[in-house]
2 protein chains.
Amino acid sequence: MTAPQSHPLDTVFAALADPTRRAILTMLLEDDMAVTDVAEPFAMSLAAISKHLAVLAEAGLITQEKRGRVKWCKLEPDALRAASVWMQGFGQFDPVDLDAFERFLEAELDAPDA
Amino acid sequence: MTAPQSHPLDTVFAALADPTRRAILTMLLEDDMAVTDVAEPFAMSLAAISKHLAVLAEAGLITQEKRGRVKWCKLEPDALRAASVWMQGFGQFDPVDLDAFERFLEAELDAPDA
DNA sequence: GGGATCGTCAACCGTTGGGTTGAATATGCC
DNA sequence: GGCATATTCAACCCAACGGTTGACGATCCC
């Protein structure tokens, strides 16, 4: 009854809860990438990365377009807007601190393994 | 080596991924609450809510203080700052849209069950 | 002391999540 | 056609999650 149907925020936050997936998003921030190239720096199978990408796509955080035999992954930052709005409603903190962001990126990229 | 030790963002995002927990945070936005009162609107056991609160506390999103036999739960919005910064780094979207936030709150409160 | 209230603990259960491996399906190239 | 590359599928494993119930430790109040 009243089908539970997961809220969009559920899938977005759940997708962001995994460090591998956050690292992937960070990588895609620089450029679109093929699945194989996304997988390269990680110490896990290609199939595992493929699943992670599916989760990110399901959440709308990336889109995937197949050109030839290569599937290109593209960041979709707009999907974060709803979640960002939700969170900011709690904090009313200072808008954007890009220095802090840089630090996070470095920390995550330094320990990307899993 | 380099003990995997989950990143703080892991726990924060994981905590936010559950609609019950987001609803709890929303309730706490209005006022501090006792565990029993937090549990009241939900169609699940007190023990379940107690666990949810533990998850939120673990993530630093709330603090709990026991006064007498009542344990008071208090929102800690600062814990969202790191996550917010991380997300905003992707979007560069408009800072705070409180209208949108209001809409989210209503949507979540209208279907708080589970 | 004794009863009610507040909250957690412990054990259990079914589902989901992240990972593996091996086979299968495209597609590109010669 | 035939082989290599790119990606997914399918089956499986184990750990974690979200929930339940019942017993338990505190605390308040009479």
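In terms of hydrophobic clustering, with Ile, Leu, Val, Met, Phe, Trp and Tyr side chains grouped at heavy-atom distances under 4.5 Å, B:Leu29 and B:Trp72 are assigned to different clusters. Residue B:Met27 is not grouped with residue B:Val70 when hydrophobic side chains (ILVMFWY) are merged at heavy-atom distances under 4.5 angstrom, including chains of intermediate members.
Regarding B:Asp18, its CG atom lies at a distance of 18 Å from the P atom of D:dA16, rounded to whole Å. Here the P atom of nucleotide D:dT8 and the CE atom of A:Met44 are 15 Å apart, to the nearest Å. In this entry the distance linking CG of B:Asp10 with P of D:dA16 reads 14 Å, nearest Å. Across the protein-nucleic acid pair, A:Glu65 atom CD and D:dT8 atom P stand 14 Å apart, rounded to whole Å. Per the geometry, CG belonging to B:Leu16 stands 15 Å off P belonging to D:dC17, to the nearest Å. Between the P atom of C:dG7 and the CD1 atom of B:Ile49 lies a distance of 12 Å, rounded to the nearest Å.
Within the 4.5 Å cutoff, the side chain of B:Asp10 has heavy atoms near those of the A:Arg22 side chain. Here the side chains of A:Leu16 and B:Leu9 are not in contact, with every heavy-atom distance at 4.5 Å or above. Between A:Asp78 and A:Arg81 there is a side-chain heavy-atom pair separated by less than 4.5 Å. With contacts defined as side-chain heavy-atom distances shorter than 4.5 Å, the pair A:Phe13/A:Met87 qualifies.
Contact check, B:Ser45 against D:dT20: a side-chain N or O comes under 4.0 Å of OP1 or OP2.
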**OP:** Might you work through the side-chain contact (heavy atoms from CB on, under 4.5 Å) test for B:Val55 and B:Leu61, ending with a clear yes or no?
**Re:** CA-CA 9 Å; B:Val55 172; B:Leu61 293 166; over 6 Å; no

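With rounding to the nearest 0.5 Å, the separation of CG in B:Leu46 from NZ in B:Lys51 is 12.0 Å.
Nucleic acid contact for B:Arg67: none, since no nucleic acid atom lies under 4.0 Å from a heavy atom of the residue.
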Can you list, pair by pair, the side-chain donor-acceptor contacts under 3.5 Å of residues 34-45 of chain B, counting residues two or more places apart and other chains?
| from | atom 1 | to | atom 2 | distance (Å) |
| --- | --- | --- | --- | --- |
| B:Ser45 | OG | B:Ala48 | N | 3.1 |

Check: protein-nucleotides 5-7 of chain D nitrogen or oxygen pairs below 3.5 Å:
| from | atom 1 | to | atom 2 | distance (Å) |
| --- | --- | --- | --- | --- |
| D:dT5 | O4' | A:Arg69 | NH1 | 3.3 |
| D:dT5 | O2 | A:Arg69 | NH1 | 3.0 |
| D:dA6 | O3' | A:Arg69 | O | 3.2 |
| D:dT7 | OP1 | A:Val35 | N | 3.4 |
| D:dT7 | OP1 | A:Lys71 | N | 2.8 |
| D:dT7 | OP1 | A:Lys71 | O | 3.4 |
| D:dT7 | OP2 | A:Thr36 | N | 2.7 |
| D:dT7 | OP2 | A:Thr36 | OG1 | 2.1 |

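Along DNA chain D, the nucleotide nearest B:Gly68 and the nucleotide nearest B:Ala47 are compared for position; the residue whose nucleotide lies closer to the 5' end is B:Ala47.
Less than 4.0 Å separates DNA chain D from at least one heavy atom of each of the following residues of residues 51-63 of chain B: B:Lys51, B:His52.
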